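Below: the structure, in structure tokens.
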Amino acid sequence: MSDPLPRNAADRWTMLQTAHHQYHVSTTTTYDEVLSSVAERFTTNQAIGKVEIGGLLIWKRLQANTRWAMDLMNVPDQKVHNHTRTAYLAANDQALSVPEAARAARSELGYLPGFKTGDALASAVLLAAAPLRLAVYDRRAHQGLEHLGIELKSGKGRYSRYMACVETLRELALSKGETWIARDVDVALYWLGETLTTVRNPSGTHTQKV
């Protein structure tokens, strides 16, 4: 039988804080060097190209032997820069709320092959574009929300809805005296989704699309 879902903010915070701590004691900063490098490129040029996207693909441990990867390679790098620049500007537009900025930036990336459906790689690009504001989405983070008793519907606009959930949890952290950025929330959700799902489903089989 699954553990009961947390019923109140205190229970959610305990789970989230514990997962955040366990993530950081179990990982090294070295792994995020690629992410940091791409974020620096974004800061300098306000855009990235196929080389940087390839680095994020490896960082997220996603498959590249797909049709979309070949299609992306056939897109002129200048076009990739144009779309990632517009996404960068939207992600960092302080006139927009975080969910609104996430929606606008994610929509812009949708013009590129590999970014039309699924949010894993797109969210990695957007995290690099706005590392203090946005967060990574993947199936583990989605499952982490489920373990907290928070529903996140899939389908169009999911990344914006996800960022709204992240903001709610960031506000929960602030109410507990912790100043978290969105990335703090997503690593905690990742750890919750990865560890609790493995315990409850030892086969490790997942069918949810990222």
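Values in this document were obtained by computation on a predicted structure and should not be read as measured data. Computed over heavy atoms, backbone and side chain alike; hydrogens, waters and symmetry mates excluded.
- Looking at heavy atoms from C-beta onward, L189 lies in side-chain contact with L16 at the 4.5 angstrom threshold.
- In this structure, K79 places its NZ atom where only 12 or fewer heavy-atom neighbours from other residues, nucleotides or ligands lie under 6.0 Å away.
- Side-chain atoms of D77 come within 3.5 Å of backbone N or O of K50 as a donor-acceptor pair.
- Using a 4.5 Å heavy-atom cutoff, the side chains of K60 and L56 are not in contact.
- Judged by distance alone, the side chain of R106 and the main-chain N or O of F115 form a donor-acceptor pair under 3.5 Å.
- Within the 4.5 Å cutoff, no side-chain heavy atoms of Q143 are placed close to those of L192.
- Using a 4.5 Å cut-off on side-chain heavy atoms (C-beta onward), P113 and R67 make no contact.
- Contact of the K116 side chain with the W68 side chain is not registered, since no non-hydrogen atoms from C-beta on lie closer than 4.5 Å.
- Defined by atom type and a distance below 3.5 Å, a donor-acceptor pair is missing between the side-chain atoms of R103 and Y159.
- A donor-acceptor pair under 3.5 Å is formed between the side chain of T84 and the backbone N or O of I48.
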Candidate pair M163 and R133, rule side chain to side chain contact (heavy atoms under 4.5 Å, CB included), full reasoning
CA-CA 9 Å; M163 285 309 307; R133 197 178 197 201; over 6 Å; no
Would W59 and L127 count as a side chain to side chain contact (heavy atoms under 4.5 Å, CB included) here? Give the steps.
CA-CA 12 Å; W59 177 74; L127 169 63; 4.0 Å; yes
Could you pull out all donor-acceptor pairs under 3.5 Å where a side-chain atom in residues 179-186 meets a protein atom, sequence neighbours excluded?
residue : atom : partner : partner atom : Å
R183    : NH1  : D186    : OD1          : 2.8
R183    : NH1  : D186    : OD2          : 3.3
D184    : OD1  : H20     : NE2          : 2.9
D184    : OD2  : I181    : N            : 3.0
D186    : OD2  : V136    : N            : 3.1

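- Formation of a donor-acceptor pair under 3.5 Å by the D93 side chain with backbone atoms of L89 is not found in this model.
- Contact detail for H142 and L152: the closest heavy-atom pair is NE2-O, 2.9 Å.
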Determine, stepwise, if the pair V38 / I53 fulfils side chain to side chain contact (heavy atoms under 4.5 Å, CB included).
CA-CA 8 Å; V38 177; I53 290 174; over 6 Å; no
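- At most 12 non-hydrogen atoms from other residues, nucleotides or ligands lie less than 6.0 angstrom from NZ of K156.
- A heavy-atom distance below 4.5 Å is not found between the side chains of R170 and L174.
- Note that CZ of R12 is 9.5 Å distant from CG of L145, once rounded to the nearest 0.5 Å.
- Judged purely by atom type and a 3.5 angstrom limit, D32 has no side-chain atom pairing as donor or acceptor with the backbone of L35.
- The main-chain N or O of V34 is never found under 3.5 Å from a side-chain atom of S37 such that the two would form a donor-acceptor pair.
- Looking only at distances, a side-chain donor or acceptor of R161 sits under 3.5 Å from a matching main-chain atom of K153.
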Compile the donor-acceptor pairs under 3.5 Å between side chains in residues 39-47 and protein atoms, sequence neighbours left out, one pair per line.
residue : atom : partner : partner atom : Å
R41     : NH1  : E52     : OE2          : 2.4
T43     : OG1  : A39     : O            : 3.0
T44     : OG1  : E40     : O            : 3.0

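- In this structure a side-chain-to-backbone donor-acceptor pair under 3.5 Å is missing from D119 to A122.
- Heavy-atom contacts from other residues, nucleotides or ligands closer than 6.0 Å to NE2 of H21 number 12 or fewer.
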Side chain to side chain contact (heavy atoms under 4.5 Å, CB included) between V187 and T27, worked out
CA-CA 11 Å; V187 298; T27 57; over 6 Å; no
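- Contact of the S26 side chain with the W191 side chain is registered, since non-hydrogen atoms from C-beta on lie closer than 4.5 Å.
- The side-chain heavy atoms of I150 and E146, taken from C-beta on, include no pair separated by under 4.5 Å.
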